[in-house]
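The next block holds one structure in the form of structure tokens; read it before the comments.
Counting starts at 1 for both ligands and their atoms, in listed order. These values consider heavy atoms only, across backbone and side chains, with no hydrogens, waters or symmetry-generated copies. What you see is a predicted model, and the numbers here were worked out from it, not measured in a lab.
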Amino acid sequence: MEKNIESHLKETRVFKPARAFAKNARVGSLEDYRRMYRESIRQPEKFWAREARELRWQKPWKKVLEWKAPFAKWFVGGKLNVAENCLDRHLQGPRRNKAAIIWEGEPGDKRILTYQQLHREVCRFANVLKRNKIRKGDRVIIYLPAIPEAAIAMLACARIGAVHSVVFGGFSADSIRDRIADCGATAVITADGGFRRGAVVPLKHNVDEALQGGTTIRRVIVFRRAGNEIHIEEGRDVWWHRELEYVDAHCPAVPLDSEHPLYILYTSGSTGKPKGILHTTGGYLVGIYSSTKYVFDLREDDIYWCTADIGWVTGHSYVVYGPLAAGATTVMYEGAPNWPEPDRFWRIIEEYAVSILYTAPTAIRAFIRWGDQWLKKHDLSSLRLLGTVGEPINPEAWMWYHEKIGGGRCPIVDTWWQTETGAIMITPLPGAIPTKPGSATLPFFGVDPVIVDQRGREVGPNVGGKLIVRRPWPAMLRNIYGDKGRYQKQYWSEFKGNYLTGDGARRDRDGYFWIVGRIDDVLNVAGHRLGTSEIESALVSHPKVAEAAAVGRPDELKGQGVVVFVTLKSGVNPTPSLKKELRGHVGTHIGAIAKPDEVRFAEALPKTRSGKIMRRLLKEIAAGRTVTGDTTTLEDFSVLAKLGSAEE
Ligand code: 7RM
């Protein structure tokens, strides 16, 4: 039988919520968190009904949950509309004239839309959809830059019950074509182009290429963003601004069944074709509304900025739907963090007095690498809360974020969740739960995660195993679009009736969760099973290292040898003696067993557009193979080429 995942790296620092923060927080003590959590587990239906009642229902539900594993229905019989909850619900009171979206384009253009204005634009564009014969249940591809129109298009679909599938603007024509084919979409909403690091991304051109040879698409609606020249296919393509001339701003929100599909979002499976993760209406809305409120401790006057692209689930749940459902002001930025210079984020925070910042560890490590001089010029004192998502954050980056960005006064919420979970699952509540750098801490309300061994038995403290979830939660995925069999097999069959996350984790003596990486990436060195995150954290704690990825490579003696790919901080020379030093560094921090057999310096690591290191590709490179399999989610293809010739 396979052994458990071992844990070697110990982090002992604890940060209690500041008294001043806790005093005003929605959940202000560990006791309050535990009491609410206990209720959410013992009486989930009571707990979630209370949360759901804060939203607007066009018809009340009959039953909170119907669970026929692995198929859940939440708020059965209820009818509601997500767009109505994100917009109309806020128009009666003082929120009518509150900024809903504060947007900045990469070239520096700015727009602010109040709730009233956003409501109007969504209604008008929903009428454009109807005019173009897009109906309830139809699938619509959204392939737009991070501009307000992306949110408007999503909400307009939601308003009429069309099902959107956002395709990230960095993806190619092939990815668009695959997704259209998988979900049978009939319309695409796109722009002429978008801006990225000063260049124009030819979005419409990519769409044209994707549609060549015929697809199910009947209509393409094009927003003019970059002004680049494009081809208009008569009878198929229409301009967004022209279409608006034909519609008014009256568009009632369609009452939709609580289980009506809201969106499909594709995630790259490690092999094979991407999976269309299906989210529905009522449960999803309740899950993201509730988590946005509690995790970000939202107050009426917060300026909230989640830096994720809308093509990622984080953009869906925590740029658009969550904050708007909660009536917050959400900031959107179109471009790269280092454009025109590496202080763009800090400029934006200063200019709009951002109070909550939610970003990814990969971005934080890039900021560290670019140097502290970029933040020194800016006033970041408006910040009161910080968040991270996407990967385990190494304690070194956590401390930097805490001290340099948060000025030592802002709590950090390290939020663990997935495209599939829809909403945040394991997270600190900032006024209640003491944090430890590198741990996502404790489960959110109603979430029942546990770590098990191969046979499904719960493991003891600090023993690594598979992270599973023992019961359904409102924002959970309902299916892999069109493939119930794959849904059942992928997520619910290994430990019957339990949701398999695919992540490895351990729990410490305080019950805190520490994610150690994807199960598929776990290394097996001479019978020791090691998660990737601890080796990587040890490397990043070295002052010269910016980022690291650990992978296994076949080894006759040990089963697997450890190969690490390392990028260095600006100005550091990649010398053979540094390689030796780094091996020794891992040895002293973790133990001889984790000492890398090989250290490879790289200019950059292959990542997805949401910043996740693609270890699968590195594994193939480390084994001396050429890279095969799906690379469509890779951010920068030139990185792969450079890695192949990585100097020895
Ligand atoms: C939101 C998102 C999901 C995978 C997940 C983990 C990893 C995400 C954290 C994390 C450690 C975190 N959706 N992950 N958040 N690992 N700590 N706070 O990222 O579908 O794109 O990815 O990301 O492996 O399974 S996702």
If we set the cut-off at 4.0 Å for heavy atoms, which region of [X] has an atom near ligand 1: side chain, backbone, both, or neither?
{"X": "I393", "result": "neither"}
{"X": "E391", "result": "backbone"}
{"X": "V313", "result": "side chain"}

Give, for atom OG of S165 and atom CD1 of I141, the distance between the pair rounded to the nearest 0.5 Å.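 Output value for this atom pair is 4.5 Å.
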
Suppose we measure from [atom] to each protein heavy atom; which comes out shortest, and what is that distance?
{"atom": "atom 20 (O) of ligand 1", "value": "T419 OG1, 2.6 Å"}
{"atom": "atom 11 (C) of ligand 1", "value": "P392 N, 3.1 Å"}
{"atom": "atom 21 (O) of ligand 1", "value": "W312 NE1, 2.8 Å"}
{"atom": "atom 5 (C) of ligand 1", "value": "D503 OD2, 3.2 Å"}
{"atom": "atom 3 (C) of ligand 1", "value": "W417 O, 3.6 Å"}

Scan side-chain atoms only and decide if [X] and [Y] contain a donor-acceptor pair under the 3.5 Å cut-off.
{"X": "N85", "Y": "Y321", "result": "no"}
{"X": "T441", "Y": "K436", "result": "no"}
{"X": "Y499", "Y": "R470", "result": "no"}
{"X": "T362", "Y": "E391", "result": "no"}
{"X": "R506", "Y": "N462", "result": "yes"}

Looking at ligand 1, does any of its N/O atoms fall within less than 3.5 Å of an N/O of [X]?
{"X": "G390", "answer": "yes"}
{"X": "K612", "answer": "yes"}
{"X": "Q418", "answer": "yes"}
{"X": "T388", "answer": "no"}
{"X": "E420", "answer": "no"}

Is it true that the NZ or CZ of K484 lies under 6.0 Å from the centre of F71's six-membered ring and within 45 degrees of the ring axis?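 K484 over F71 ring: yes.
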
Heavy-atom donor-acceptor pair, Y491 side chain to E494 backbone, under 3.5 Å: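 Between the backbone of E494 and the side chain of Y491 there is no qualifying donor-acceptor contact (under 3.5 Å).
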
Does T267 come within less than 4.0 Å of ligand 1, judged by its heavy atoms?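 Judged by the 4.0 Å heavy-atom criterion, T267 does not count as contacting ligand 1.
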
N-O pairing of R615 and E536 below 4.0 Å: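 Yes, charged N to carboxylate O under 4.0 Å.
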
Salt-bridge criterion met for K466 and D503 (N-O under 4.0 Å):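 No, no charged N to carboxylate O under 4.0 Å.
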
Interfacing atoms of ligand 1 (cut-off 4.0 Å, heavy-atom, [X]):
{"X": "T314", "result": "1 (C)"}
{"X": "I515", "result": "11 (C), 16 (N)"}
{"X": "D414", "result": "12 (C), 17 (N), 18 (N)"}
{"X": "T415", "result": "9 (C), 12 (C), 15 (N), 18 (N)"}

K496, NZ atom: more than 12 neighbouring heavy atoms under 6.0 Å: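 12 or below, so no.
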
